[in-house]
2 protein chains.
Amino acid sequence: MKIDPTNPADLSAQIAKAIRDAIISGALPVDERLPSEAELAEQFNVSRPTVREALKRLAAQSLIRTQRGATGGAFVNRLRFEDAYGQQITTSTLLLSMNDVSFATACEARYALERACAPLSAQRRTADHLATMRAEAHRQSQPGLTDEAFCASDVAFHRALVDAAGNPVLSYQLAGAVEAMQPLMNMITFSARDRERIIMLHTAIADAIEAQDSAKADENLADLATYTQELAQDVIAKRNAARQAK
Amino acid sequence: MKIDPTNPADLSAQIAKAIRDAIISGALPVDERLPSEAELAEQFNVSRPTVREALKRLAAQSLIRTQRGATGGAFVNRLRFEDAYGQQITTSTLLLSMNDVSFATACEARYALERACAPLSAQRRTADHLATMRAEAHRQSQPGLTDEAFCASDVAFHRALVDAAGNPVLSYQLAGAVEAMQPLMNMITFSARDRERIIMLHTAIADAIEAQDSAKADENLADLATYTQELAQDVIAKRNAARQAK
DNA sequence: CAATTTTCATTTGTCAGACAATTAAACGTC
DNA sequence: GACGTTTAATTGTCTGACAAATGAAAATTG
């Protein structure tokens with residue numbers, strides 16, 4: 001773990017990279033305690049604030065955790081799926097909003113990935129996952145539900161569908177794709193008829209998953225993808241019409 | 001943007017969260033300049049080092065960039081796909097290595113997602129993507145190639161396949177799944193016969209994509225998934241045998 | 001007046017030293 | 001031995017300072 005002392009700028013970034021590489025390579029195993037800030041400062045020949053900035057960079061990526069006190073210090077953190085979910089969702093959401101990714105592109109990606117999970121979900125679904133899907137579908141049918149709540153329930157339904165595949169890596173990857181869509185979905189106003197149609201498809205998907213009928217589930221997911229795209233196109237068309245009317 | 005002054009610990013984390021939320025909500029648009037560190041310190045009623053630690057946290061997530069000089073400062077960064085790729089790959093790799101995710105689980109997720117891209121790739125592939133796939137398949141057939149180089153070429157082939165779908169969101173999501181597998185793949189020693197089989201499947205996939213035959217591409221990807229799993233199981237079986245022999 | 005150079009103010013990057021808060025271990029005390 | 005107390009180590013924060021970069025304004029020059 002060494003840094004380039006000839007470039008006196010971005011020292012904290014260099015130090016962070018050195019430690020990060022050590023963690024990724026496995027040189028620093030999980031729960032290993034890093035040297036204290038004072039020791040690191042001495043090793044890298046920098047001041048303690050600079051070391052601290054480097055450690056905060058790593059903390060922001062959940063690579064380390066810190067603890068105060070006599071036996072405290074910075075420890076290599078076991079990156080948990082939950083932590084990774086959060087980062088993945090933040091990154092995905094920003095990526096979509098900052099790069100003018102079209103609804104069509106994001107939607108296509110999401111449903112393509114989700115359909116990849118369906119066969120595994122049909123095969124391995126538990127009563128628990130099915131119950132969640134049914135509960136969310138039922139929640140969606142309740143009158144007086146705001147569009148935002150409807151979307152949130154939609155996300156919950158699809159996450160249950162993905163989780164049913166019983167593959168944490170898939171759940172992790174899909175978390176970003178599904179959750180990042182929510183801000184885009186929230187732009188849509190769902191009429192009673194729209195909701196009815198979506199709930200019907202959700203129910204059909206749950207039925208297919210319960211019956212372990214992977215082809216049927218895929219078919220209904222494809223229909224849902226098409227229908228969602230149509231709804232979005234309507235919104236965009238109406239917006240353009242309103243813009244031209246001005 | 002406010003913080004809780006009653007909890008005097010983790011001030012930098014609180015400040016980072018406040019600014020991050022402002023960015024995510026859109027209150028701070030891309031390329032907007034944040035107040036100077038001194039001004040932020042005054043606003044939040046903390047010292048400049050504390051503000052700096054918060055800013056470094058955000059910089060670690062590529063949410064801001066900083067520039068020195070008279071008109072310098074911290075600016076809201078447009079999160080580019082490339083930056084997001086890197087973060088995604090780092091996170092995915094660590095997630096697999098730190099949570100004892102089995103080869104089978106990671107492999108299953110990867111090929112499920114990749115097969116989701118195949119239909120789109122078959123539909124939209126350009127000459128450029130096909131050329132890359134062909135070139136990598138050819139590179140894989142060269143004698144004297146190390147296992148590591150073989151794996152790297154394998155990753156390049158599959159990324160070209162994914163990129164051919166022409167959906168940047170898919171490419172982003174898949175980057176993590178494909179690249180994070182590399183350390184696991186590197187554990188496998190590929191015999192000449194193994195390589196021959198894999199190259200044959202790669203060629204068949206490229207053929208199918210070129211012919212826009214989505215079903216054929218899917219079939220060959222499924223075969224490749226099965227074959228990769230078999231190879232890994234051999235490695236694991238041999239390792240267990242060696243362990244028992246001790 | 002135009003072009004160029006110089007100066008300067010602003011801002012980030014880094015350093016040094018200090019004190020507060022926390023925590024667990026070492027140490028007495030009963 | 002059980003239970004407070006002290007103590008040392010460590011992170012969290014603050015103050016003040018200087019260096020380095022950088023663009024803008026001012027001064028200089030042709």
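Treat the numbers as computed from the prediction; the structure is a model and nothing was measured.
The CZ-P distance, from A/Phe44 to C/dT14, rounds to 13 Å in whole Å. As rounded to whole Å, 13 Å separates atom P of C/dG17 from atom CD of A/Glu42. Atoms CD1 (A/Ile64) and P (D/dT10) sit 15 Å apart, rounded to a whole Å. As rounded to whole Å, 15 Å separates atom C1' of C/dT14 from atom CG of B/Leu55. The CD atom of A/Glu37 sits 5 Å away from the C1' atom of D/dT11 (whole-angstrom rounding). Counting to the nearest Å, the P atom of C/dC15 and the CG atom of A/Asn45 are 8 Å from each other. As rounded to whole Å, 5 Å separates atom C1' of D/dA21 from atom CZ of B/Arg68. Atoms CD (B/Glu53) and P (C/dT12) sit 16 Å apart, rounded to a whole Å.
Toward the 5′ end of DNA chain C lies the nearest nucleotide of A/Ser12, the other residue of the pair A/Gly69 and A/Ser12 mapping further downstream.
For C/dT11, neither phosphate oxygen OP1 nor OP2 lies less than 4.0 angstrom from any side-chain nitrogen or oxygen of B/Thr66. In terms of phosphate contacts, B/Arg52 brings no side-chain nitrogen or oxygen within less than 4.0 Å of OP1 or OP2 of C/dT12.
Remark: the B/Ser62 side chain and the B/Asn77 side chain contain no N/O donor-acceptor pair separated by less than 3.5 Å. Donor-acceptor pairing under 3.5 Å is lacking for the side chains of B/Thr91 and A/Gln88. Side-chain atoms of A/Thr126 and A/His129 include a donor-acceptor pair closer than 3.5 Å.
Atom CZ of B/Arg80 sits in a sparse spot, with 12 or fewer heavy atoms from other residues, nucleotides or ligands closer than 6.0 Å. Few gaps surround CD on A/Glu32; more than 12 heavy atoms of other groups in view lie less than 6.0 Å from it. Atom CD of B/Glu82 is surrounded by 12 or fewer heavy atoms from other residues, nucleotides or ligands within 6.0 Å.
In this structure, the nucleotide among D/dG12, C/dT14, C/dT12 sitting nearest to the side chain of A/Leu11 is C/dT14.
Across all strands, A/Arg65 comes closer than 4.0 Å to no nucleic acid atom at all (heavy-atom distances).
Below the 3.5 angstrom threshold, one finds a donor paired with an acceptor across the side chain of A/Arg48 and the base of D/dT13.
Nearest heavy atoms, A/Pro168 versus A/Tyr85: O-OH, 4.3 Å.
Within residues 70-80 of chain A, the residues approaching DNA chain C are A/Ala70, A/Thr71, by heavy-atom distance under 4.0 Å.
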